[in-house]
Structure formats: C-alpha cells, structure tokens
Amino acid sequence: MKYLQVILVLLISQFSWAGEAITPAVLPAKHGVFLKNYCHKCHNAEKQNGKIRLDDVDFTLNTIQKADLWQKVLNSLNSGEMPPAEEKQPIALEKADFLDGLSTTLVLARKRLGDSGGNIVMRRLNRREYGNTIRDLLGVEINTKELPADGGNGNFDTVGSSLFMSSDQFEQYLALGKQAIEEHFARYGNASQQRLAKKIHIEAEEKNDRIRKALADRTDARNRYMKWTYAVDAAANKSENGDLAAKIRSEKPGNAIHIYFEWARIKGAPSPKEFGFVDAVDADEQGRRNWVHYVPYHKAYVNHPANKTGTFLTVEDVFVNPYLAFRIPGDWPGGDYVVRVKIAATSNTPASRHFMEFGSQHHSGVRAVISSHQVTGTMDNPQVLEIPLKFSPSGDRGFFFQEKGTYESDNSARRIFEEGIKKNGVGPEFALWVDWVEIETRTSNPEHKGGQSEALAKSWKFRREVELHANAMVSGTYNGYFKGGYTVAKAYLDSDRTKPPSAFGKGISDEIEAKFRVRAFEQHGPSFERYLKDPLTKTGAFLTIFNVHTEEVIDLPPDHPSGWVKTKHPVEKLPPGKYILRFRIGAVEGTPRERHFVQIGSRAKEVEFLLLNTFQISGTTKSPQVIEMPITLTAEGPRSFVLRERRDIKGDHAWYTAEQTKTGVGPPPALWVDWVEWEGPVTNQFQQSVAKFQHIEVEARSMEVGRIHERSRQMKQKYDHWKSSGGDANRLKEFGFNDKDHAEFHKIVWEQNNRWFQQYMEWPKSKSGLYLDNTVNETSEYAINLPADAVPGDYVMRVRIGKLPNMPTERAFLSFVQASPIDKDDRTFLANRQIMADIENPEIIELPFRVVPNGPRKFILMEKRPLKKGDISLPGATRLIKDSKQRDPVLWIDWIEWEGPMMPNLLQNVGKQILFAKGSEKKEDEHAAEILEKFASKAFRGKPVNKEFVSKLVTIFTQRRKAGDSFEASLKDPLSVILVSPYFLYLIEPSSENRGRKLTSVELASRLSYFLWSAPPDDALLALARSGEIQNQEVLLREVDRMIANPKATEFVHGFVHQWLGMDRLDFFQFDTKLFRDFDESTKAAARKEVYETFAQLMRSNESITRLLKSDEIYVNGLLASYYGIEGVSGDEFRKVKLPEGSPRGGLLGMAAILAMGSNGERTSPVERGAWILRKLLHDPPPPAPANVPQLSRLENKILTTRERLLAHQEQPQCASCHRKIDPIGFGLENFDAAGKWRTEETYEKRGVGKKTWQIDASATFHQGPKFSSYFEMRDIIASRGDDFARGFAESLVEYALGRPCGFTDESLLTEITTQAKSHNYAISQFIRSLVTSQQFQKK
Amino acid sequence: MNRRNFLKGSSSLIALPVLESMGYRAFASVKPISPPKRMVFLGFGWGITNETWFPDKTKTGKDYTLSAGLAPLARHKEKFTVVQGVSNKFSNEAHWGSTFWLTGANRYSQPGQSFHNSISADQVAAGFLGKDTRYASLQLGCEKASDSGHGPGSMSWDMRGKPLAGPENPVVAFHKLFSTDNTPISERQAMLSQKRSILDAVMGEAKDIQKGLNKTDNDKLNEYFESIRDIEIRLGKDEQWLSVPKAKSPIPEPKPGLAGKEEIKVMYDLIVAALQTDTTRVITYRQPVGTLLQSIDIKYGSHDISHYSPGPRMEASQKRDTVQSELLAGLLDKLKTTKEPNGTSLLDNSSIVYGSNIRSIHFLDNCPTLIAGGGANIKLGQHLVLPKDTPLCNVWLTLLNGMGMKLERHGDSTGVARDLLA
C-alpha cells in the first residue's frame, strides 16, 4: 500500500506544478542602506556617473538587463574600483555582507533567468551512452575518445542543451559506426576463422639470457676499463711524466679519476678507443659508473636461484628487468583475451610492495598502466593471476608487467633505485617474481564456449556409484566378521567345548573371543542388518556414525582397491594441480536438521582426518543436491579424501551405545550419498569450469517445522505431566528439565509458536514448497548457504515463487538479504522484489548477487521488512500478531536455485548477429532489406522503421553490390547509416508545443535505461514496454530494482557520481611521489574506485545516502586498506570492511580520493575542501569565483601556517564574503594531508626563508554556525545536515536523469523526492524510485 | 552532366596550393598568385603573471622594453605588438580563458537558457579565407581543456554559436592533415556519391522526425540538419579536391603520447606544416597548460599557480610564461624561415594571435594580447596601451578587416582599434 500512497501523493501534488508562478530573485531590502551610503552620491538622477543610476535601481532581478546592471555593481565592488578611493569607504564587515548578499542573489537570478521551465530538450546520446549503445547492439567496444567531450557549462553530460552536433562529429559517427560494423563482422560474421583459439605461453626465465648477456657485456666493459686505466696509470707513473701527472692530479685534488679524463695530455697513455670506448667519458660511464652503480644489483639478479625458473621484476636498470614486456602476435584478431601470470611476492619485502601493474606498451616504448593487482602468492606457493584483456586490432600489441610504484617517471624510478643502494649497497630488494605469462583467447560469448581448455592438458574425470563399494564392505563385515564369527562362536559355545573353536570355522581363537564375538554380533549386527535392508542402499550409501559405514573414501586415483571391488585406475599417479570433488548427497527424512552437515577431509595415513570443509545439506534423499569442492593435490600430499557426517568423534561411541541399548540399533543414518566424482586437473583459467549450481527443493521445511512442533509438543506434554504431578521441583529431572525456568520456558515456547507451526503444516502447499510468514518464527525466513569456497564472482539466485490470493498486495515483496559470516545479526539488503505471480502459477525471479573473498556466504529470503530483529517495528512483525492478514504467509516458494560465478559478461544480450541466413525463396535485395530493417528496428530502440528509409538503404546496398563488393561487405555502409540516423543518435520524444504529454511506453523504457544504464533498454525491458506493462507503476518499480541490481548500473554509478562530486579534479595534478610515496597511480585509481564502489553498494543495498556523510563501514580492497592502515584485508576485490573504533574513515570526508581532490598535489587546500563541502555536502554552494578581485601580496617572504595564510582572506571584504564560509570547514580537514593520510603536524619549508613545523589545529567555527574542536566534531555537524545533503543530491539526480538543468520549476518535484526518500531513511534507491515514478520523469 | 565529367572539367577551377614547398613549382606556370593570408589563434587558458609579463605601461610605442615574461621573444620584437587595456565586458567566468575569448558574447543573453555564445573571430575569418583550402579552418585542442583554464566548449564557435571541435593530440591532427588516402579516385568518387545517398537517407529521417517536434527540440534537430548541410558543402569541396592528393607532410608523424612542452612544440610544427602546405588558412589552438607544467617539472596544479603569490608558485607561474614565450618564439622562427613563392615569409602573410580571456588569478580585464606577423596589416614592434575597457572585439575587428574583410562589427565591438592600424 505504501507504494500506492507514494504514487498518489505524487499525482496530487504534481498537478500544480505547471501553473506555479516563479518568484524572481530579490536582493534583500536591507542592502539599500549600503547603496545609499556609498553609491547614491555619484549614481543618482542628476549625476549618473558612468551612465549608471543606483538611487532608483530595482531590487527585483527579473530581467537580464537588471541582472547585468547588478553584475556591474558586483564587479566594480569586487575589483575595488568602487567606491573610488577619494570617497567614503565602507567598513570591511559591511562590505562583505553586502557582497555576500548580492552575489548570492545574482547566482539565484541567473539560475532563475536561465530556467528552462521544465522543458526537456531532445538530446543526442553522449559519448558514454553512444559507446554503450554500440556495445549492446553489436557486441563490440569502440574507442569513443575520438568524439569530442560532452558537457561543460558545469552541467552533466546528459544535459541535452549542451550536447551539440557538428559536421565533424557527424563524420566521426559515420566512421565509428562503420568501424563497429566491421568489427562486428570480424568477430561474429566469419565464424570459421574466429573459432580458432589463440594461446601463447612464455616462460619468464627466457628473458634472463638477455640479462646474463648484459652482465657479461658490463663485466667485459669493466675489464677493458681496468686495462685502460692501468695503462694510463702506468704511463703516468713513468718518471718522464712524473711532474705532469702530479700537476694533473693537483688540478682536482681528491679526484682519483681525473687523470683518466686527461689521458691525452700524458705521453704514452693509450686512447680509450683502443679499449673499445668512444672516449674517456664513455669509458668512465661504462667501466666505472655503471659498474659501481648498477652491477651489484645486476649480479644479485643473475645469481638469484629463483631466476633459473622465472624472473624478478626490478627497478630502474633497463639491463635487468624493470618491466616484463610481451606482445600479442600480429595475426591475432581483436576480441576478449585473458592474460595469465604466475607470480609470487618475496617474503623479505614489505606487503606494500606486493602489487603488480599491468599495462600496454606502444611500439614507441610509451607505457600506460591498465590495472594493478595485489600479489598474494608466495615464492613457495605462487599464484596465477588472471587479467581479462579486451584487445582491439587497432590498439597496441605490446603489454607489460611492472612492480607498482617503481615507475611513475624516470626521476622517481632513479630515486627508488638509489634509496635501495643507500640501504644495502645493491639496490631495492626483489619483490615480485614471475614464473610464466600466458595470453589466450577468452570465450566471453556463449557460442564460443569450450573447445580450448580441454585441449590444454590431459585431464581425467571419474565417477563412482558408492553403493557397490559400500554394500560390499558393509555386507562383508556383517556376513564375515559379525555373522560368520557369531555362527562359529555360537556353534563352539553351544558345543561341549572339547573341540577348539577352529573346528567350527575360521577366525576365533578361544572361548573369550567367542563370547566377545557373540556379544558383538548381538550388539552391532542389527545396525548392519538395518543398513543392508534399506532400499536406499541399492542406489547409494548412508553415512553412519561410529559403526557400519562411517565414511566414504575417495581416492585419487583409487590406489588401494578395497579388495571387494576392483576399480580400474585411470592413471597410476595424478599430476599435482587443482581437482574437483563432486558428490550427490541428501539428508534422510526424519533425522534432525543439525545432523545435516557433511564434512570433507583429507587423509594421508590410515585413519587421519584433516578437515577441509563442512557443507550444510539441504537436499533430501528424494531430491539430492550436488556439492562440488575444489581440492589441490600437491606432489607429495594426500590423495585420499573422506566424506563423513559432521560429528563429535569422542561422543559418538556413547551416543551409539545409548541408542543401541534403547532401540537395539545405532542411531539412524542422517546422510545418504548417491555418487562421488572427481575431475581434474582443472586449468584455472575458466571460471565456469568451477562454477557451481545447486537446485534446492524447499518442501523439507515442512518436515522441519513438523519436527520442531513435535519436539515442542513432547516438551509441553512433559511439562503438563510434571505440573499435574504436583510441580515438585525435585522431580524436574525425571521429566527432562534442568530446572523450573527451563520447564516454564518450554511451556512459553509452545504457547507462542506452536499455533504457527501447527498451522504451517496445514497450509495446503507446505508439502511441495515453503511459505514465508511474517512472524519471528523459523517460518519467516529461509537461508541458503553457499559453500565456503564458492569462487568470488557474480552469482544468480533463482526462485520460483508465487503470492497467495486475498492477502494484502503491499506485503507481496520478497527481500533478498545477505548475512555477515561474523555477526549473524549483521545483515545487508541485496534486493527487494515485488511478486506478481499467483501461487497457482508461480514465476521464476532472478536475483543477482556477488560473492567476494571472505565475504558472506549466507543468503536469506524473507518477506520485505526490517532486517534486524531488533529493528522490527512494523505492527505485523511481533509474535502476538492478531491480524491474520498481517501475519499469515503471502509468499510461497516452490524451489530455489543458485548458480555462479557467472562469466563477467555485459554482453549477454548480444551476439545475436546482424546477419542471418536467407530464406530460399527470397531475392538478395529482399534479404538485405530484411536484415537492414531488423537491425534498424533494434538500433532505434523500438521506434517503428520507415519503409522509405529502408528502401534508400537498399539502394546504397545495391550500389556497393554492383560495384563488385560481396553481399556482406555491401551491407556495411547501409548498416552504418542506421548508426548515424537521428533515430539512433538522439533520444526523441516528439511533442507539439503543449508540454506535458505522457511518454509512450517505449520512450519511457529508453529514458529509464539511459538513466540507470547509460545504455539502451534490454530485451526484457523492451518487452514490457511493447506490452504496455511498463506503465503499471509496480512493474516499473520492479524494473528499476532489476536494473539497479544489474552490473550495467555501474555506468550510472560512474557517470553520475564522477560528475556529481566533481571528481575530474583528481586528475588535474600529479602527486609528487617523493612526498607521497604510497599515493601512486594505482592507489589513486583504487581511491577513485572506493567512491564508486561505496555509492554502488549503498544504492544496491537500499542504504541511506547519509552514510556518505558518516559511516562505520567502508568499501575497500587490499591496496586501499593497506593505505588506510586497516589490517586483515587482502585481494583486489572491493568489499565491506567494518572500521575500528575511532577511525577517521567512513563517509566521503574520510576518502583519500575526496581529500586528494582538495589539495594541489603537494599541500592541502582548505579552500578547495571547504568549497567542495559547501557545494556537494551542505547544499550551500558559494558563488563562482568572482572575476577581478585584487590579490594580497602582503605576506610574501613569511612562513605562515596554512591557517595563518588563509586567515588573511578575511582581511579584505571581497574575499571575506565567501572565504569566511569556506575556510573554517577546510580547517576541519587539516588532519588529512594532501593525499588523504592522517597527520597531527605539518611542516612547511620555503626556500630561502626558513622552515616551520606546527601541530595541526582542526578546530574552527562554521560561519554563523556551531563551533567544533576536531575533525570528528565537524564530521558530526556535517552528518547532522543530512536533509541538506539529500536535497543537493536530489537536484543533481534530477538534472542527470531528466537531461536539463534543475530549475525552479522543479521545486515541488524535489520536495516530493526528498520527502519520499526521507520516509525511507534517505535510501539512495528510493530517490531513484521516487524520481522514476514522478510525472516529470514520465512526461515530455 | 554526370559527376565524373564534372570532375574532369572542374579540376582547372581548383585553387591550388601555392607554396614553394609543394605544388607551386608544378603549377607555377598557371599564373602568379600573391600569397594567401592566414590567421592563427593561440590560447593559453589560465593567463600569465601580471607583474612580469606585461611591458611597463608607461613606455609605449616602439621604444618599449620587453618584460621578463616576453624576453624569449626578443629576436622577434619587430614582428609583434603587445596590446594592453582590452577585455570582454560580459565575461564573468573567472575560469574560462577561451570560451568567450574570440566571441565576446554574453553567456546570459537568452532568457530560459543558462548558456549562450556567438560566432568567434576565427570562424568569421574561415568564411572568408577558407574557401580555397581543403579545410576551411582547423581547431586544435588538448585533452582536459578545463584543467588548462580554457572553459567549456571550444575556442571556435560557428555562426549559430555552437562549438567546433578538432584534434586533441598531435597524432590525430597529423592524420587529419596529411594521411594519404590510397583509395583509387574512381573508388573515392563512388564513395562521395554514396555519401550523398547516405546524407539523403538520414535527411529523410530527420525530416520525418521534425514533423512532431516542438520549438526547442526543433532547434536541437536543426543542429543535425546544419551539420548535414555543412557536409554537403564539404562534399562539394571534397569533389573539387578529389583529384588533388593530400599534401605530403613536411614533417614526420609525431610520436604518440607526447604531453606538455613537446606536445605544444609538435602542434606548432603542425600549424606551420598546415599553413605551408596550404591545407588550411585558419587555425585555433587551445594549448595545454596542466600537462605543460608537468613536463617542465612544476608540481603545482595549473589553476593553483594561476593564483600565485610571491614565492614558489609565482616563480612557477613565471617559468610557465617563459616556456610559453620560448615556444612561441620557436613558432615565429619557423614561420619566418618558411618562404612564400614571392620571396616573403609565411610570417609576413599571417596574423598570429597569442592570448587569453584571463589575465591572471581571477582577472578578466586587460586580457593579455600579443599579435605577430604582417598578415593583418597592423603596426608591428609596438607596445600599445588602449584606453581601459576597450572591447577585445575591437582588436578582432581590426584584424579581420586587416585580412581584407569589410566588417562593421564583431561581438561587442565599438569600432576598429585605430591605434593598431599600420
């Protein structure tokens, strides 16, 4: 109901906007006094100096002329021109206040006069959108950098009025379109050629020959130098040269080599040319300087044993290996490749050096870093890093690896090298070692899947039906040891015992043993018998506890056949590598849920069990599940793996015996295995080879509930008995209670829950699926656990679900939640989905989610409601709900499936080729027409295609055909024409002069997808548009949720956040890595990504925008965590990290990227930071920098603290009018240095003046606002301004989404959006939802 | 008359390149032609160091002393004039050094629009000087122009006030100017005719769309129409130029990845090459400042040093001025040594404008302005201090008329700057 209310409110409130009168900007009347005092004297009716009259000036700035006049006033005051020096001057504060008031009014007036009146201008696709649209349409990436940059005027790049078109640009579109078509044909057109996968493998040590040779050359040069200098010395030491030599030496006393430079003056001294040098300078360089400077490092490299099998990445010395370069061969086509590198980090180097950069190298040698990666492999256990690579034939074919931060510039590389020498006399320690590099075609397209990985290496796959082995073993033990022994022993014991036991059969030595064997059979025999009689052992094997069949052993290969069944070995010994164990398993009905866990361990010796993993079993014997687990075989490590029920080995015997005493048999088995399988070695490259899939039939829930109900019933019964037997506390134990409270507790449990459990089982479909109710019982949610080793990546959860009739529709929302592995109450919303389908005809919904290293593996499905139990405040969510409409289930789930990791593939909807086969009866040009029309229809995003247009295209096709081009080639031109058609290049929403037409469904779909994806609608969205369902606001909102969850929404995050927060400033200057060693390009890239990732996570998990102001969690990767000094995070994936107490991070203010933007690359700029906060966080933007304000020069040659320097701003009223607001906020961030690291003191050195160090003082007072004594206090004050922040965010969002400046006509829209969002705790997703459902978004 | 015949017949009508370096000798027998006029506008975004770039205001005319910032230009002192006192009165954007520099427009002059611009001086010139060259004008730029203080859009704005874009790095510029097209002429003729079919097809689409549009959208669509019409005009030109191969480049293809000082140097070489081969006669160049600083080892941001105060930032600002002046001196050297067929130099026939809408810091008055070369027929070797607040557009008007146009106004001009006239 809530959403309907939202919509209703929007509808009502927005009918008023069209008629709303816009009030113009007015300069407050109080400023008249200033004019009167300082201006009227000259600018009045009589004098009108400069033809300007200010005595009758209008304070209402409602025309451009009036605004221009006031601008003049502002300009002349700012420049200090007015009032003239000889006239009366205003006091500083007075002037500052006037300037403040006037500049603010002018900003308002400009905004108001420039207001487009809510008109959304037809717009061209911007550069990002164009690239994405081509990508989605053709499945190729093109370089759109050639197109001119969009935007400007401080607007978003979606603002239509700023998106121009020129003839040059048109030509560029034509060329790019054709390029894209050609690339498409190259990739998807000529199938036979394309399918050939390419691969090269480079052993890194191959590079070392060159390096060894270089050392030999250097050694040779050294020897020649030594010979030469020796000869020069010899000549100098000749007595005839004695005086001269002494004279030369005295020219540069203490410089032993000076004499060699002067060799020519010494008679008989040989020329360096004779020794193979160009001249003395060359000899000195080669024979001495290089030797001293580089050769120790060079030698250390060549002599390092690890360089026999690989190579280290080094620093600076190009004769060694400052970067490892390799090339893609010239005949390889463009497409998706994967670069794989086996790499390790050394243990004697700091973790901060364990990052590798990958990049491309132009043939001129210019290198550009593409990505950086954390190296976690060690020299003992190197890792294989995989880097996806999009390779375009027009791009560079050269690529390289280097250690992060070793090359920012020649100078910095040299500096690092020299620091290394200073430290150890050799050079920087080797940090990264590369074993080999591989480049291989990657199959990103379903059609291209498979084919090559199998060919890489021999691998095996082996499946075993476990019942054969297990039954043979169990029945062998039973019939042989137990029953056989029993028969012999019994016969012996029943005899007169004159004959020894051996006379009755084998295996029993004496009477004692005979008695024991009889007892053993009586005790254990029935358990074995029960096992063998169970029909399920005909198709699989149970795992029992303590006895019978306690474990299933998987040997790789089965190298000790049990003796009962001979298994054939696929191979004698498997090579080391990664293998996969797979087994099909189910839980036995009626056994307790806590027994539904299976353990996998490895076994090196007899009975050893080294636990590898534990899985919860949700499958049943009727519907088993397949569990898959990767294992690693090392050269000498264990090859046996054991499956068993999770148990307490020590207690098992007691449990077994107790149960056996009571019932005659041991505890019934809880797990049943259908088969086991192993496969491998698997090559690591294709993630899908280890992708997992699990289908879960959820009706077991009913059984569980039944069991809980039954146990509870028993406890209640006992309670009643106890009560009726007088309630004697001493007798509690007899009834199975610990004490009185325990007994009372069970009574309460029964009273509170069992109605629901009872009822649950009575729901008609509880035996074929599961219901989710709105109580706090177990029946309110369902958890899915992914295996702990689930490979990180993108997954999808599929749920077949329906809603119950006659229940409130506002409850028909399914929430998808993840639970923290550490704190079970720490839950995060992933998605909310409205369920439309009926229980009789359920729908299958897909919920994408992401698994990150060490991240949550537990996912929960429940009806939409507050996440944490403590947060539950909805009336429906307590135990004592009376209203069955609020309490009883609305949602019913048939089954659940999860799958992943999915290939990271944005192009899933493409690959539908442009070309398709010709129907036999068709003429060629008809066929061409068909292809063109179909492509045009897709390219035009659902707009109908004009027949005449198609026929013109066919004419172009025919022209080419007649000119002799092939059918395919002749299509290229007409196809690229489609890509310059205005229907493709523009988002067109035709409308007559009357504004306010409702968008058609297809237009709405485009507006939506360009908003959230910067890309055209996909098939699903277009289908909803075509059927008109998109006009249903509930369907629309469901699409919004789907689109936000989709990886394509990254485009929105990057496009919007980058512009909203003005992040281009991050690239405006180079950080001096001498001062900020850690803040190199990689760190900067990670810092930038932190902003995006944080926003994306908050958006996708329905979190509040205010968490950008302050938060106790951050989203970082290993690199950034180490930069922030946060322990325990490693890897390249960004993930949520809880901050330690007192950390200054959390929220934008603590992000390195934001702080770095507020600097000049060397020192902090409190002005930039303060202005940014006013603009972006507090929604109180200072006016743009005024022109022509005189600058202070009084402070030259003084060393001032940052604060002292800035306080000078307050001296002049022109400056003070803005800086009094800006600067104090900047002071509050002074604890962060220019690169965003925390500091407590600062040092400033001014050449020739001196040096000063001071303690950071982060206290200040907001202009006309509160005081703060520290960064933390300031952050709290800013965090308390969530309403302002939300308002500013909403304005930006509206501008970005509607493609026009957010103007005054948007007041009511903004109010609605922020009000709605506020009622949802300012969830980012709610801003988007409210905007999308607004009239403005849905109307032209 | 079919297109092929037209082409055969029309080739003698083409105004051919006239320079010594190419073509001229081969066609010299046709008729002696006096060298064409050229205009180049070089913008340096963030402005200069106020204290050390301008010559002393009290010493004007011929006998002035070059300032420190202009010192590297000493050898060309007779070939340029420094103008003080000019500005664009509507300019209020303290970070936009190029957007309104050549237009003098009022950003806020259109109600309901937050941005408006009008035609720039170079485009006025292109309409006049660009008829006979392969490209009527060329817009050179740099990446991240806003970091270099240029402001949004372009330096060049067409007659509808829309920005014109062009190559943003030397390699792209080189290919645009000199990349040879090896396609046979017949093939290229077919391509031209095909392009007409393409334009015809999309024009039909645009007309179809136009029917249902309101006024603002129609204005937007007009940009599309106009760009197609421009291409049609260009196609006509291409047709004329079909049998004329692109000029052979006098310089090798630039290395990719150049940034800052080297980038500007190479762009200057390309400017000379483009003029020398008569590929175009009007060029604008939004020079990089941010990367220039990095390339001369100044670690400060470009905006940051434009707010210099005495000390290291002012020194950095001065160093930037010097390097920029050195680069300009190099350009003038090359223009001077490139000879025209009649014995004059390229510099004698060109007007090279060097300046910005921003003076320094946030000052938009007294826009730094330096005009070199004899193309516009102005007084050279001068230091002129015009009355305060003389419209910068008066200077543009003077130059344009000096080129041979007969204009009454440009932007907010109030008349020609008589003091400039030779």
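So that the names make sense, note that chain A is the first sequence line, chain B the second, and so on, each numbered from 1. In what follows, every heavy atom counts, from backbone to side chain, and hydrogens, waters and symmetry copies are set aside. The structure presented is a predicted model; accordingly, all values stated were derived computationally and were not measured.
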[X] versus chain A, heavy atoms under 4.5 Å apart: side chain, backbone, both or neither?
{"X": "B/Asp304", "result": "side chain"}
{"X": "B/Lys207", "result": "neither"}
{"X": "B/Glu232", "result": "neither"}
{"X": "B/Asp200", "result": "both"}
{"X": "B/Ser109", "result": "backbone"}
{"X": "B/Leu221", "result": "both"}
{"X": "B/Ile228", "result": "side chain"}
{"X": "B/Gln210", "result": "neither"}
{"X": "B/His116", "result": "neither"}

### Message
I'd like to know if B/Lys195 and A/Glu171 make a salt bridge, using a cut-off of under 4.0 Å between side-chain N and carboxylate O.
### Response
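Yes, this pair counts.
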### Query
Is the shortest side-chain N to carboxylate O distance from A/Lys1340 to B/Asp217 below 4.0 Å?
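Looking at B/Asp217 together with A/Lys1340, the answer is yes, because their closest N to O distance falls below 4.0 Å.
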If you take all heavy atoms of [X] and [Y], which pair is closest and at what distance?
{"X": "A/Gln959", "Y": "B/Ser197", "result": "NE2-OG, 3.4 Å"}
{"X": "A/Ser166", "Y": "B/Ser227", "result": "C-CB, 3.2 Å"}
{"X": "A/Ser167", "Y": "B/Ile231", "result": "CB-CG1, 3.5 Å"}
{"X": "A/Phe949", "Y": "B/Ala201", "result": "CD1-O, 3.8 Å"}
{"X": "A/Asp168", "Y": "B/Ala165", "result": "OD2-O, 3.5 Å"}

Go through the atoms of [X] and report whether side chain, backbone, both or neither lie under 4.5 Å from a heavy atom of chain B.
{"X": "A/Glu989", "value": "backbone"}
{"X": "A/Ser981", "value": "both"}
{"X": "A/Leu174", "value": "side chain"}
{"X": "A/Gln65", "value": "neither"}

### Which residues share a salt bridge (Lys or Arg N to Asp or Glu O under 4.0 Å) with B/Asp208, sequence neighbours left out
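Once residues adjacent in sequence are excluded, the partners of B/Asp208 under the salt bridge (Lys or Arg N to Asp or Glu O under 4.0 Å) criterion are B/Lys211.
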### Query
Of all residues at least two apart in sequence or in a different chain, which pass the ring pair (Phe, Tyr, Trp, His ring centres under 6.0 Å) check with A/Tyr173?
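For A/Tyr173 the ring pair (Phe, Tyr, Trp, His ring centres under 6.0 Å) partners, ignoring immediate neighbours, are A/Tyr130.
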### Query
Going by heavy atoms in the side chains, are A/Asn75 and B/Leu364 under 4.5 Å from each other?
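Side-chain contact under 4.5 Å: no.
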### Query
Do B/His303 and A/Glu1168 touch side chain to side chain, with heavy atoms closer than 4.5 Å?
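When only atoms from C-beta onward are counted, A/Glu1168 and B/His303 do touch, with a gap below 4.5 Å.
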[atom2] on [Y] to [atom1] on [X], rounded to 0.5 Å:
{"X": "A/Asn1160", "Y": "B/Tyr300", "atom1": "CG", "atom2": "OH", "value": "7.0 Å"}
{"X": "A/Leu163", "Y": "B/Lys220", "atom1": "CG", "atom2": "NZ", "value": "6.5 Å"}
{"X": "A/Lys943", "Y": "B/Ile209", "atom1": "NZ", "atom2": "CD1", "value": "8.0 Å"}
{"X": "B/Phe115", "Y": "A/Ser162", "atom1": "CZ", "atom2": "OG", "value": "8.0 Å"}
{"X": "A/Asn411", "Y": "B/Asp297", "atom1": "CG", "atom2": "CG", "value": "6.0 Å"}
{"X": "A/Arg1300", "Y": "B/Thr216", "atom1": "CZ", "atom2": "OG1", "value": "11.5 Å"}

#### Entry: Top contributor to chain B interface from A/Ile988, A/Ile978, A/Leu985 [non-hydrogen pairs under 4.5 Å]
A/Ile988
### Task
Begin from the C-alpha positions of A/Asp1067 and B/Asp147 and carry the test side chain to side chain contact (heavy atoms under 4.5 Å, CB included) through to its verdict.
CA-CA 9 Å; A/Asp1067 292 319; B/Asp147 176 34; over 6 Å; no
#### Entry: Over 12 non-hydrogen atoms of neighbours within 6.0 angstrom of NZ in B/Lys255
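No, because the 6.0 Å sphere around NZ of B/Lys255 holds 12 heavy atoms or fewer from other groups.
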### Task
With sequence neighbours excluded, give me every ring pair (Phe, Tyr, Trp, His ring centres under 6.0 Å) pair touching residues 212-238 of chain B.
A/Phe170-B/Tyr224, A/Tyr986-B/Tyr224
### Task
Determine which residues belonging to residues 155-163 of chain B lie within contact range of chain A, meaning some heavy atom pair is under 4.5 Å apart, and list them by number or answer 'none'.
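Listed by number: B/Lys162, B/Pro163.
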